[in-house]
Amino acid sequence: MSAYSKAHQALTSSQPLSQPDAAALLGDLRKEFGQELADAVEQAVETQYRPAETDSSSAVRVKRHKLGAAIRTLNLVRQFATNPRGFTPPTQRDPRSTS
């Protein structure tokens with residue numbers, strides 16, 4: 001049973017949920033929503049950056065680079081949805097010289 005179904009049953013039943021059960025249900029909803037969001041965006045990104053037969057080799061490389069960056073970002077979204085408290089965002093890279 002999906003987390004959405006469990007939440008609907010809990011909201012429509014006459015019995016209130018205990019705090020631990022409600023917290024677990026909200027955690028399941030967050031994980032399921034994050035996974036569904038990342039999957040949908042991944043499909044859209046793969047469609048957007050799919051190389052066409054008429055693309056030059058440099059255009060294919062650029063699209064492959066953009067797709068890789070998007071997939072890495074989606075993997076971070078999945079990781080955050082799974083465990084927001086244990087999530088450590090990657091450090092920001094600064095291309096400017098510090099010297």
Side-chain angles (χ1 to χ4, degrees):
M1 180 182 289
S2 74
Y4 295 113
S5 299
K6 289 178 186 176
H8 182 265
Q9 283 183 350
L11 290 171
T12 57
S13 71
S14 60
Q15 297 178 343
L17 286 175
S18 65
Q19 287 182 352
D21 291 341
L25 181 60
L26 289 174
D28 290 343
L29 277 171
R30 183 193 65 239
K31 289 175 191 175
E32 193 169 312
F33 175 75
Q35 185 65 37
E36 288 176 1
L37 174 67
D39 290 344
V41 172
E42 185 175 1
Q43 287 178 351
V45 165
E46 285 179 351
T47 302
Q48 181 178 358
Y49 295 124
R50 181 177 298 130
E53 291 181 17
T54 58
D55 286 345
S56 65
S57 61
S58 63
V60 170
R61 281 194 309 270
V62 168
K63 285 183 177 183
R64 190 170 53 228
H65 176 73
K66 288 182 179 183
L67 177 63
I71 296 297
R72 284 190 297 275
T73 303
L74 289 172
N75 287 338
L76 289 173
V77 169
R78 286 186 179 109
Q79 182 183 358
F80 179 72
T82 303
N83 187 9
R85 290 188 177 160
F87 177 73
T88 305
T91 57
Q92 181 72 29
R93 290 186 284 183
D94 190 359
R96 296 176 292 177
S97 174
T98 58
S99 57

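- Residues Glu32 and Ala3 come closest through the heavy atom pair OE1-N, 2.9 Å.
- Note that the NZ atom of Lys6 and the CG atom of Leu11 stand 14.0 Å from one another [nearest 0.5 Å].
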TODO: Applying side chain to side chain donor-acceptor pair (under 3.5 Å), run through Asp39 and Gln43 and close with a yes or a no.
DONE: CA-CA 6 Å; Asp39 290 344; Gln43 287 178 351; over 6 Å; no
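- Here the side chains of Gln9 and Ser5 are not in contact, with every heavy-atom distance at 4.5 Å or above.
- Residues that satisfy the salt bridge (Lys or Arg N to Asp or Glu O under 4.0 Å) test with Arg30, not counting sequence neighbours, are absent from this structure.
- Side chain to side chain, Asn75 and Arg72 fail the donor-acceptor criterion of an N or O pair below 3.5 Å.
- Residues satisfying the ring pair (Phe, Tyr, Trp, His ring centres under 6.0 Å) test with Phe87, not counting sequence neighbours, are Phe80.
- Hydrophobic clustering of Ile, Leu, Val, Met, Phe, Trp and Tyr side chains at less than 4.5 Å, counting indirect connections, unites Val41 with Ile71.
- Note that the CZ atom of Arg64 and the OG atom of Ser57 stand 9.5 Å from one another [nearest 0.5 Å].
- Clustering ILVMFWY residues whenever any of their side-chain heavy atoms sit less than 4.5 angstrom apart, transitively, puts Tyr4 in the very cluster that holds Leu26.
- Leu25 and Phe33 are assigned to two separate hydrophobic clusters, defined by single-linkage of ILVMFWY side chains at heavy-atom distances under 4.5 Å.
- With sequence neighbours left out, the side chain to side chain donor-acceptor pair (under 3.5 Å) criterion links Ser58 to Ser56.
- Each side chain to side chain donor-acceptor pair (under 3.5 Å) pair with one or both residues in residues 10-29, not counting sequence neighbours, appears once here: Ser18-Asp21.
- Nearest heavy-atom pair across Gly34 and Ala81 is CA-CB, 3.6 Å.
- Between Leu17 and Ala10, the shortest heavy-atom contact is CD1-CB, 3.5 Å.
- In this view, Thr82 satisfies the side chain to side chain donor-acceptor pair (under 3.5 Å) rule with no residue, not counting sequence neighbours.
- Partners of Asp55 under the salt bridge (Lys or Arg N to Asp or Glu O under 4.0 Å) rule, at least two apart in sequence or in another chain, are Lys63.
- Tyr49 and Val62 fall into different hydrophobic clusters, where Ile, Leu, Val, Met, Phe, Trp and Tyr residues are linked whenever their side-chain heavy atoms come under 4.5 Å apart, directly or through other members.
- The hydrophobic clustering, which links ILVMFWY residues whose side-chain heavy atoms are closer than 4.5 Å, places Val45 and Leu76 apart.
- Salt bridge status for Arg78 with Glu42: present, with a side-chain N to carboxylate O gap under 4.0 Å.
- Between Arg85 and Asn83, the closest side-chain pair of non-hydrogen atoms falls below 4.5 Å.
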